[in-house]
Structures are given as structure tokens and as C-alpha cells.
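Take a look at the structure below.
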Amino acid sequence: MKKFNLKRAIFGAITAAFTFAMAPAHAHFQLVYTPDVNLEKPGDVPFKLIFWHPFENGHAMNMGEPEDFFYVFKGKKTDLKNKLKPITFKAAHNESKAYEAMVPVKRNGDYILAFTPKPYYEKSEDIYIQQITKSYLNKGGLPTGWNEPIGLSTEIVPLNKPTNILAGSTFSGILQSNGKPVAGAEIEIEYLAAEPDMTANTPGKVTASPMPGGAVVAITDDNGYFSFGIPKAGFWGFAALGSGPAKEYEGKELSQDAVLWIRAYDLK
Amino acid sequence: MRLGIGLAIAAGGLLLSSMSNVASAHTPLCSCYDNGDGTVLCEGGFSDGSSASGVGMIVKDDSGNVVLKGKMNENSEFEFQKPDGVYTVIFDAGEGHDIEISHEDITE
């Protein structure tokens, strides 16, 4: 009996420590990553799909099974789900289920990639999280619709070209749910602190760490508009929490989030 | 009457030059692909998203002789029979706006 209590006490302490450690790391981000988003030549572009705490180079989660993966090019949808292959991402302190894909790109223009995983159960919050994620490629410098919505149930529509934001400038977008602007929504913003090593499936060099004060947040205005100054070159993610129309999954609360990634460069 | 026509021509010239000024504020873009069936497809455009429809396309051989000439269609595309050997494709959007693409850079 005493032993049992001790075990529970230890378990409780571990759980508490874990919960505490996770609490500031609330920002889950579905990553749809490729190192070079501006292409000059046709070819196969490698992507990594990782569910992670990217700002702190932290814990990676076993992401939900892919539900949908495609790109939109000049208004036309191309399915990419059959390109996905499971991988193991070796994060700084744990390993997680992730995916990779080789995406063939030929013609000039904007490629808007969209990935929807099945909802992920977040034990510490007892909720499901589903992050509908957009990421962009451009080939040949030709703009062909990066600023258009692509009909996702919730999405951030960029107002600055997401493939070449200048560090020190701003990024603005409009948050939509079922095509309508979402007012007063919380948007968490994270920097990809360690860009993944594309062959080793590990975090690469760590170039930043989160500052004190918790998540970086912007709130959308009455028209669903938000803006954020981009202080540093690299990959920046925006996650609108619970902006999607679906609010429940398997009897539990669902946070259906809209995520968008942009690439920022230094002006040299 | 003559003066009127002269003015109209001048105005037309002014319009043309102002149009080309607008064009100089953006960058011409052109890429070509070997279709693998003996034809080559080029697509053009400008960095501000404007169409390259009507832009002249020239294909030259090794010695700089014009092999064929054409224009970008309404979709800013131009397809042609691939010449034998060395060739160069020129996207001719006017002075400062032409792009030369070597056959070595045109792959499937």
C-alpha cells in the first residue's frame, strides 16, 4: 500500500512537472517545411511535415494521420496525399511520427500547399487540435495568386507575398472561417528556431530561443485583419487558434486552427 | 487638319513611351521546358503579374541566325519545334526587357 502511494506520488510529480513544462509551450505548430521556397528550375521539392514546438526547438508530437494534402496552382488543385511517406523526426528530446513528401514543380508561379491532419488529442488540455496548414512556393518569380484564398474551412489569406518578406518589414493577413473574416481571434506567432536537417530528420542549427513573457500574439480586428513586424530572416508561423467552424471531435472540444508559414529574408 | 494628325501622332507617341515606362518598373520573366516530344514550351510574364501575351519570341541557332519567330499567345505561352543542335530562345519584350535562354537550360 505504501509502495503504491509512493508510485502514485512519483507519477503525480512527473505529471505535474510535465504539465508545467508544457504550459508555456502551448504553441503547437504544424510545420510544412522546405528550405528554399523560391525556385528557379523545375524539379522535385522536398517537404517535411512535423508537429512541433518550433520556437523553443522543443517537444515534437506524433502528428495526426494526413487527411488531405494538395497544392493549388493558378486556381487548380493537385492532390499530393499519395506523395506522403512516414518518417521519424528526432527532436531535441524526443522522437515523433512525421511525414515527408517530394513535390514536383514545373511551371512558373505560386504553389499554395495545404495540409490537413486528423485531429490530435492533446492530453494536457483534454482537447483535440487540428491545424489546417498553408505553406508557399514560388517558381520563376511570377505571381499567380498567392493572395487568393483556396477554399479551406479556415485559413489565413496573406496580404504580403509570403515567399519573400523582408526582415524588418511587416506581414499582414486576413483570417477567414468558411470564407468570412474572423474578428477578435488570437493568432500565435512563432519563429522556426532550428530549421530541420532534411536528410537527418533532426533539428538543425539553433538560431533563436523564445523570449520571456509567453506566446507572441496578435488579435484580428473587426475585419479579420492582423499585422506583425518580422524582426528576423527565416521561417515564421502564424496559428489562429480555434478559428475553424468545427468545434467538437469525438465528444471533446476541438481547436481547429488555421496555420500559415512565410519565409523572410535579410535585405543585403 | 495636318496639325491635328501631328498632335494625334505625338499623343500616340507619348502614350507609347509612357506605356514602356510602366513596363520598365517590372521585371520580365521567361522559362522554357523541353516537352520530350520534339517540342519546346516557353512561358513568360512580368514580376507584377502582367501578361506577356503578344511578346515576340525568337529562336536562333549557334551562329545567331534566326531559325524561327513567333509571339506569346493569350496564355503567355509559346511552343515550337525544337531545332537540332545548339539554339537560343529570346523573349523580346523590348530594350532592357529581353531574356536569352540557352538550350542547355531547357530541360524536360
According to the ring-ring contact (aromatic ring centres under 6.0 Å, His included) rule, which pairs have a member within residues 216-237 of chain A, sequence neighbours left out?
Tyr33(A)-Phe235(A), Tyr191(A)-Trp236(A), Phe226(A)-Phe238(A), Phe228(A)-Trp236(A), Phe235(A)-Trp261(A)
Using distance alone, with no hydrogens and no angle check, list the donor-acceptor pairs under 3.5 Å between chain A and chain B.
unit_1: Lys106(A); atom_1: O; unit_2: Tyr33(B); atom_2: OH; d: 3.0
unit_1: Arg107(A); atom_1: NE; unit_2: Glu43(B); atom_2: OE1; d: 3.3
unit_1: Arg107(A); atom_1: NE; unit_2: Glu43(B); atom_2: OE2; d: 3.2
unit_1: Arg107(A); atom_1: NH2; unit_2: Glu77(B); atom_2: OE2; d: 2.4
unit_1: Asn108(A); atom_1: N; unit_2: Tyr33(B); atom_2: OH; d: 3.4
unit_1: Asn108(A); atom_1: N; unit_2: Glu43(B); atom_2: OE2; d: 2.6
unit_1: Asn108(A); atom_1: OD1; unit_2: Ser31(B); atom_2: OG; d: 3.1
unit_1: Asn108(A); atom_1: ND2; unit_2: Ser31(B); atom_2: OG; d: 2.8
unit_1: Lys139(A); atom_1: NZ; unit_2: Tyr33(B); atom_2: OH; d: 3.0

Just wondering, are more than 12 heavy atoms of other shown residues or ligands nearer than 6.0 Å to CG in Asp222(A)?
no
Closest-packed option against chain B by number of heavy-atom pairs under 4.5 Å, given Pro143(A), Gly140(A), Gly141(A), Gly109(A):
Pro143(A)
